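Each ligand, and each atom within it, is numbered from 1 in the order the structure gives. All values derive from a computational prediction rather than experimental measurement.
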Amino acid sequence: MKFEKVCSLDDFWEGDLIDVTVQGHVIILVWPEGSTPRAFQGICPHQSFRLAGGQFDGRTLKCPAHQWTFDAKTGKGINPGDCQLAEYTLKLDGDDVLVAVDGVEPRFSHS
Ligand code: FES
């Protein structure tokens with residue numbers, strides 16, 4: 001699995017959301033409160049708006065377009081509940097935040 005540095009912990013904190021692009025994959029990094037950083041698809045499964053402009057309250061992520069809401073720890077849909085964000089593998093190496101995109105494709109529901 002090939003990891004690529006996407007940012008540093010100097011730029012990314014607990015409760016934070018940032019967007020990055022890795023090998024053409026639009027990705028959001030979220031750091032849920034009391035948890036560890038996660039990397040999910042940055043394109044909404046509903047109608048492909050970018051999630052980076054949405055609201056992140058430390059627990060849930062809300063798409064700016066039509067307010068679909070996702071659990072920031074799992075990527076699972078909360079409203080509606082029958083959707084899921086694809087998750088990329090993220091690891092920390094010192095202060096470096098690394099993401100691998102191998103084998104992960106965004107999910108879309110188009111409903
Ligand atoms: S595009 Fe995200 S809720 Fe519609």
Side-chain angles (χ1 to χ4, degrees):
M1 187 171 286
K2 183 172 185 269
F3 283 90
E4 186 170 313
K5 179 181 176 182
V6 292
C7 68
S8 161
L9 290 181
D10 292 335
D11 308 315
F12 182 45
W13 303 275
E14 184 173 336
D16 210 1
L17 175 154
I18 61 176
D19 65 325
V20 299
T21 301
V22 178
Q23 297 175 29
H25 292 245
V26 177
I27 295 171
I28 50 164
L29 308 181
V30 292
W31 192 332
E33 293 174 355
S35 188
T36 55
R38 306 285 204 285
F40 295 110
Q41 70 184 70
I43 302 295
C44 183
H46 181 215
Q47 291 183 356
S48 303
F49 279 66
R50 288 183 78 130
L51 292 168
Q55 296 175 356
F56 176 50
D57 65 3
R59 295 176 292 112
T60 61
L61 172 66
K62 188 177 290 188
C63 178
H66 314 101
Q67 285 72 55
W68 278 28
T69 306
F70 305 90
D71 185 314
K73 287 185 182 176
T74 64
K76 177 154 180 30
I78 295 172
N79 184 20
D82 60 348
C83 59
Q84 173 75 48
L85 298 176
E87 183 167 9
Y88 296 86
T89 303
L90 179 152
K91 72 175 183 180
L92 303 178
D93 182 8
D95 283 346
D96 292 342
V97 180
L98 310 170
V99 171
V101 299
D102 307 336
V104 180
E105 293 297 332
R107 298 178 184 182
F108 296 99
S109 61
H110 299 291
S111 59

- State the atoms of ligand 1, each with its element, that fall below the 4.0 Å cut-off from a heavy-atom position in W68. 3 (S)
- Message: So if I count the atoms of ligand 1 from 1 in the order they appear, which ones are less than 4.0 Å from some heavy atom of C44?
- Response: 1 (S), 2 (Fe), 3 (S)
- Query: By atom name, which N, O or S atom belonging to H46 lies closest to atom 4 (Fe) of ligand 1?
  - Reply: ND1
- Could you tell me which N, O or S atom of H66 is nearest to atom 4 (Fe) of ligand 1? ND1
- The single option from L90, L9, I18 that satisfies side chain to side chain contact (heavy atoms under 4.5 Å, CB included) with W31 is L9
- Item | Nearest-neighbour protein heavy atom for atom 1 (S) of ligand 1, which is reported as residue plus atom name and distance | Q47 N, 3.3 Å
- What's the spacing between I43 CD1 and L85 CG if we round to 0.5 Å? 11.0 Å
- If you group Ile, Leu, Val, Met, Phe, Trp and Tyr by side-chain heavy-atom gaps below 4.5 Å, do F12 and L17 land in one group? no
- Linked, directly or transitively: V30 and W68 (ILVMFWY side chains, under 4.5 Å): yes
- Query: Are the side chains of Y88 and P106 in touch, meaning some heavy atoms are under 4.5 Å apart?
  - Reply: yes
- Task: Return yes when at least one N/O/S atom of C63 is nearer than 2.8 Å to atom 4 (Fe) of ligand 1, and no when none is.
- Result: no
